[in-house]
Amino acid sequence: QVRLVESGGGLAQTGGSLRLSCAASGSIVSIHAMGWYRQAPGKQRELVARIISSSLTGSSTNYADSVKGRFTISRDNAKNTVHLQMNSLKPEDTAVYYCNVVATRTGWARDAYWGQGTQVTVSS
């Protein structure tokens, strides 16, 4: 079983910063992608940022337009950990943030795994 441990959520003021971390563990052969999604009340879950690894193209990053220039995603491959540095926070960033990992386990096909979610609240 792939397990994801999320940390770093909490309360911040407008213009402040938070850093989210997600560590993956288990019988992982390889990780295709690691990233963060978020869901606000009454809204659909949306991609915030992710890193995709490819043997053909190397690593690439995707960001939601609303967070470009403010959020930075990074990955520690040795620790199977992804970080999301969130700067210049806005009230509209308030949501539950979910870690997502696409990985291949020993003896299993590639699949997607989700964290439990961590609350991020930005006050004005």
For a quick test of your reading: what N or O donor-acceptor pairs under 3.5 Å do the side chains of residues 8-29 make, sequence neighbours left out?
| from | atom 1 | to | atom 2 | distance (Å) |
| --- | --- | --- | --- | --- |
| Thr14 | OG1 | Ser123 | O | 2.8 |
| Ser17 | OG | Asn87 | OD1 | 2.8 |
| Arg19 | NH2 | His83 | ND1 | 3.4 |
| Ser21 | OG | His83 | ND1 | 2.8 |

Met34 and Ser53: CA distance, side-chain angles, deciding distance, side chain to side chain contact (heavy atoms under 4.5 Å, CB included) verdict: CA-CA 9 Å; Met34 301 187 75; Ser53 298; over 6 Å; no

Worked verdict on Glu46 versus Tyr37 for side chain to side chain contact (heavy atoms under 4.5 Å, CB included): CA-CA 5 Å; Glu46 65 174 352; Tyr37 291 70; 5.8 Å; no

Test side chain to side chain contact (heavy atoms under 4.5 Å, CB included) applied to Val67 and Trp36, step by step: CA-CA 12 Å; Val67 307; Trp36 292 91; over 6 Å; no

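Residue pairs meeting the salt bridge (Lys or Arg N to Asp or Glu O under 4.0 Å) criterion with at least one member in residues 80-97, sequence neighbours excluded, are Arg38-Asp93, Arg70-Asp93. A side-chain hydrogen bond (donor to acceptor under 3.5 Å, both in side chains) check over residues 100-120, counting only residues at least two apart or in different chains, returns the pairs Gln119-Thr121.
Listed for the Ser66 side chain is no donor-acceptor partner under 3.5 Å among the backbone atoms of Ala64. Between the Gln39 side chain and the Val96 main chain, no donor and acceptor come within less than 3.5 Å of each other.
Cluster annotation: Val120 and Leu4 are assigned to the same hydrophobic cluster (Ile/Leu/Val/Met/Phe/Trp/Tyr, side-chain heavy-atom contacts under 4.5 Å, transitive). The same ILVMFWY cluster, assembled from side-chain heavy atoms under 4.5 Å apart, contains both Phe71 and Val122. Residues Val48 and Val102 do not share a hydrophobic cluster, clusters being chains of Ile/Leu/Val/Met/Phe/Trp/Tyr side chains in contact below 4.5 Å. Side-chain heavy atoms closer than 4.5 Å link hydrophobic residues (I, L, V, M, F, W, Y) into clusters, and following such links, even through other members, never connects Ile73 to Ile52.
For the atom pair Ser30 OG and Asn80 CG, the distance stands at 10.0 Å (nearest 0.5 Å). Summarising the geometry, atom CZ belonging to Arg50 is positioned 5.0 Å from atom CG belonging to Asn62; distances are rounded to the nearest 0.5 Å. Atoms CG and SG, from Leu84 and Cys99 in turn, are 10.0 Å apart once rounded to the nearest 0.5 Å.
When every heavy atom of Ala49 is checked against every heavy atom of Tyr63, the shortest pair comes out as CB-CD2, 3.6 Å.
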